[in-house]
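Below is one structure, written out as structure tokens, with a few remarks after it.
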Amino acid sequence: MYTDKVMEYFTNPVNVGEIEDADGVGQVGNPVCGDIMKMYIKVKDGKIADIKFKTFGCGAAIATSSMATELVKGKTLEEAKKLDNKQVAEALGGLPGQKMHCSNLAADALKKAIEDYESKQKEVK
Amino acid sequence: MYTDKVMEYFTNPVNVGEIEDADGVGQVGNPVCGDIMKMYIKVKDGKIADIKFKTFGCGAAIATSSMATELVKGKTLEEAKKLDNKQVAEALGGLPGQKMHCSNLAADALKKAIEDYESKQKEVK
Amino acid sequence: MRKVYLDHGATTPVRTEVADLVYKYMTDNFGNPSSVHSFGREAKKGLDHAREQVANLIGAEPKEIFFTSGGTEADNWAIIGTAHAKKDKGKHIITSSIEHHAALDACKYLEKEGFQVTYLPVDADGMVRIEDVKNAITDQTILITIMHVNNEVGTIQPIKEIAALAKEKGITMHTDAVQSVGKIPVNVDDLGVDLLTVSSHKIYGPKGVGCLYIRKGTKISNIHFGGAQERNKRPGTENLPGIVGFGLAAELIGKELKEEQERLTKLRDKLIDGIVERIEHVKINGHRTQRAPHNVNLSIRFIEGEALLLSLDMRGIAASSGSACTSGSLDPSHVLLAMGIPHEIAHGSLRMTLGKANTEEDIDYVLEELPKVVERLRAMSPLYNKKQ
Amino acid sequence: MRKVYLDHGATTPVRTEVADLVYKYMTDNFGNPSSVHSFGREAKKGLDHAREQVANLIGAEPKEIFFTSGGTEADNWAIIGTAHAKKDKGKHIITSSIEHHAALDACKYLEKEGFQVTYLPVDADGMVRIEDVKNAITDQTILITIMHVNNEVGTIQPIKEIAALAKEKGITMHTDAVQSVGKIPVNVDDLGVDLLTVSSHKIYGPKGVGCLYIRKGTKISNIHFGGAQERNKRPGTENLPGIVGFGLAAELIGKELKEEQERLTKLRDKLIDGIVERIEHVKINGHRTQRAPHNVNLSIRFIEGEALLLSLDMRGIAASSGSACTSGSLDPSHVLLAMGIPHEIAHGSLRMTLGKANTEEDIDYVLEELPKVVERLRAMSPLYNKKQ
Ligand SMILES: Cc1ncc(COP(=O)(O)O)c(C=O)c1O
Ligand SMILES: Cc1ncc(COP(=O)(O)O)c(C=O)c1O
């Protein structure tokens, strides 16, 4: 069902956890549909200095979350915003059809975290 | 499907053949339905002195024909007339359900042969 | 790594004796039972014997057993076949909301054909209430179909009582006994049912074969059309290797039933109790005692079922889940939802179904590994808060 | 005693390699392909591989193959499923009068549902005439179902030409290829069909499994209801041992096809010619050249088919007949009758269907024994007159 890459990221996910003093936090999904992803970012010099996630969801949800964090860590916010769910799935060697929609939301969670950061920046101004 | 007795009478039927100068001949069935039985009898002192059959039909048809001839050989005509198809089937240890009707007509053929004999007797008188 | 198979509700390994027999009927005794020659007659004998073996297991007459391609076909046949045969009498069917999809979807199909179906609710334990059945019956009701043991939560339904109601009103009574046969005693006369579904692959027999028990005199139309096999009721060259395997599996499981029922009940309770002791925020789903001896079903909060299954699998433990992600649908188990379990908790359900090969040591192993897996997944979950 | 199995049209022995694989999938790889764990994933791999193997044999895409419980179910599905899916477009179906009962009886069922069915006649050789198809098509026609090779007399029907007519008019084209697959080259694109039926047990695979090929984009409703197996088209736990066996059988027969086709054609012709030489009042049924390589069908006058079969069986020769007495019906083969053969001659028909294990020596043996058997039965027959 899953590619080896998916299983690898599910088994040993990188960047799991929370960032206590995150600069931005984003959450998507809801428990009713079975997937919730929460992303925490730390921003420095317009770049994602640190990123962590917590995910309630299936194997694909956990693997995509982890992969997404890895893909954007160290990238500028502009670059990070361009990440989309399809790219995440591709980086994992693909996902089963029925997982493409519901469990592949990590890029959306990241976008929300960045938005959260940016809106806070505005407030500060 | 068939009892051993049926197979025995099918494999080694007794009384197969014709009687050239038969006193009575009876035939039942027709080729369209797949079974034809023809009985030849020789009558002496009111008894069936000799009897032979020819049958076009399935294993059951051949076995019942043979069994019927055996059951009545040497019997009086009155006794022979009482033979019915069910008795023939029983003597063979039973027949499969769907064979009870179409392939179990030997007693009928015999009755016809006896009728033939009797009607000829009347003519002679 | 230790391998612990705890998914006997999904399917079972075929017993060696059974597999050997199946092999023989594929190679030596490969004839078509409809053939006149010796190959055919040999095959026919095997078919007749299997029919007796299966009939014996459920207290039926051999001529009331009709082999099918499995439980799904038998359920479809019972429901659609009865509806078609009795449609002039009425067009109302009663079932429950926790049936297997093989029954539910047959009912949904009939709705499209113009039948009315009542899907009875269940209580929090997953039990159908007799009162509800009574109230649902109308003079249009032609069929009641309620499963004997639920495949997900293992609850044993009061079939005998429901069948008595049905009988009173001349309503055909069907029960899907796929998860009860071989697990608890099943007797068609005790239960009083007219139709009953059995599947071979749940009782250590081969896949792709099952049967519908049809009580003598019960009106039912065919749903397959063709040859004269199965006394003109179910056409197609008989799956003879499968059928003789099913027959032997039925005979063997019947012999072990009582002993195995006790043994599994103990293992089951040890597993349930052990988990409740070791893991917090766990809910046992299904009735605590009116429950098949092999079934354990729990909801483990704050984590999702498929992730749990994958993690257990990596430790050699094979189980299943009512999680939506394992079914390819968007909703989690319709059974858990019908029992009033909220979506987010239903997503985290875990079903472990025990069987012949499982031992005390297997249970100990699961009790050791499961808490670790849960701990790890909860640590990743945004819903979980240690202090909860 | 020598055993000569000449009933490969009824069923075939499972190859050893195939039986071994089936065994493995009953015992070691027994998982349910829908399960998430390793047992399930192993099973799923087997399922996918088998789908490729079967697809390859008939030039289809794997995702166009849907496994069923056999040829009968696949025929039923093709016909009833198409009718239900397209009933708003029209309610007319065209078939032939020599189809297998799995197709004919599905059509008869649909007549009860209000569909109109045209049963095309055949010529004396058992061939459907293209002209007749053309004339039968109306703007209400939604399905043409004509078998590829007839199971009784082996005639190869002009499917390609018929399919071309169907395509022109947007009519779904189904062919029952149970008796052609593995015997002659069958390619769904060459034939131009939308639906095609295959059965495993006719190609040295296990019984109880077959498939329906459904060309991408073809409208067809389900006839079974339940789980999400077979991409939501055919529910029920997959008969995985049967399916992997079918897959391997398909691959192996594909490899041997050309060679075996030539070999069997020679044996067939030797048998036919030998009989005609040795026995008088014999009629060869079916087309002499447009004929499957494994099929011999003759009518032997003045004797009845079942008696013939039993007699041959006692000499170790297993064959079949279109006799009414072997079918449990009152009429002999509907195929022979449709070809204009009178009842009394149809009753005496003998079908010998060759296969892998048959040798020249088998044929010699039959040519030695058959005349004796015929002689003996004719001697008992009131219809036969030596001087005829
Ligand atoms: C309760 C119940 N009914 C029906 C079925 C369907 O049986 P089968 O898999 O033999 O089609 C199953 C198993 O999948 C089941 O558990
Ligand atoms: C032409 C044809 N169609 C359909 C079938 C039915 O196939 P099955 O026996 O797999 O149901 C057969 C064989 O019996 C056949 O010969």
Side-chain angles (χ1 to χ4, degrees), chain C residues 5 7 10-14 16 19 22-23 26-27 30-32 34-40 69-73 75-76 100-102 105-106 108-109 199 201 206-209 223-228 235-242 306 309-310 312-313 318-321 326-329, chain D residues 5 7 10-14 16 19 22-23 26-27 30-32 34-40 69-73 75-76 100-102 105-106 108-109 199 201 206-209 223-228 235-242 306 309-310 312-313 318-321 326-329:
Chain C
Y5 185 74
D7 203 9
T11 196
T12 58
V14 176
T16 311
V22 173
Y23 194 93
M26 285 193 286
T27 49
F30 69 88
N32 185 325
S34 303
S35 298
V36 165
H37 47 66
S38 63
F39 297 87
S69 66
T72 295
E73 184 191 325
D75 279 352
N76 279 205
H100 190 272
H101 281 291
D105 290 2
K108 281 185 200 141
Y109 168 73
S199 178
H201 74 99
K207 293 184 175 59
V209 56
I223 60 166
H224 281 138
F225 310 97
T237 303
E238 298 88 344
N239 174 3
L240 201 69
E306 191 219 73
L309 295 190
L310 289 173
L312 287 172
D313 183 51
S320 77
S321 169
T326 65
S327 67
S329 84
Chain D
Y5 185 75
D7 203 10
T11 195
T12 58
V14 176
T16 312
V22 174
Y23 194 94
M26 286 192 287
T27 51
F30 69 87
N32 185 325
S34 304
S35 298
V36 165
H37 46 66
S38 64
F39 298 87
S69 66
T72 295
E73 184 192 324
D75 279 353
N76 279 207
H100 191 271
H101 280 293
D105 291 3
K108 282 185 198 141
Y109 167 74
S199 178
H201 73 99
K207 293 182 174 60
V209 55
I223 61 166
H224 281 139
F225 310 97
T237 303
E238 299 88 343
N239 174 4
L240 200 69
E306 191 218 72
L309 295 190
L310 289 173
L312 287 172
D313 183 51
S320 77
S321 169
T326 63
S327 68
S329 84

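The chains referred to below are lettered A, B, ... by the order of the sequence lines, with proteins before strands, and numbering in each begins at 1.
- Residue C/S320 does not touch chain D at all, counting heavy-atom pairs closer than 4.5 Å.
- C/H37 places a side-chain heavy atom less than 4.5 Å from the side chain of D/Y5.
- Taking chain D as the reference chain and counting heavy-atom pairs below 4.5 Å, the highest number among C/G70, C/G227, C/G31 is found for C/G31.
- Residues C/T72 and D/T237 fail the side-chain proximity criterion, which asks for heavy atoms closer than 4.5 Å.
- Listed by chain and number, the residues in a ring-ring contact (aromatic ring centres under 6.0 Å, His included) with C/F225 are D/Y109 (sequence neighbours excluded).
- Partners of D/D313 by side chain to side chain donor-acceptor pair (under 3.5 Å), not counting sequence neighbours, listed by chain and number: C/S38, C/R41.
- With a 4.5 angstrom heavy-atom cutoff, D/H201 touches chain C only via side-chain atoms.
- With a 4.5 angstrom heavy-atom cutoff, D/T16 touches chain C via backbone and side-chain atoms both.
- Remark: the backbone N or O of D/F30 is paired with a side-chain donor or acceptor of C/K207 at under 3.5 angstrom.
- Residue contact with chain C, scored on non-hydrogen atoms closer than 4.5 Å, involves the backbone and the side chain of D/P235 alike.
- Per-residue counts of heavy-atom pairs under 4.5 Å with chain D were compared for C/T11, C/N76, C/N32, C/D7; the largest is that of C/N76.
- When the candidates C/G242, C/P241, C/A10 are compared by the number of heavy-atom contacts under 4.5 Å with chain D, C/A10 comes out ahead.
- What you find for D/V209 and D/N239 is that their closest heavy atoms are CB-ND2, 4.2 Å.
- When each of D/A19, D/S199, D/S69, D/A102 is checked for heavy-atom pairs under 4.5 Å with chain C, D/A19 comes out on top.
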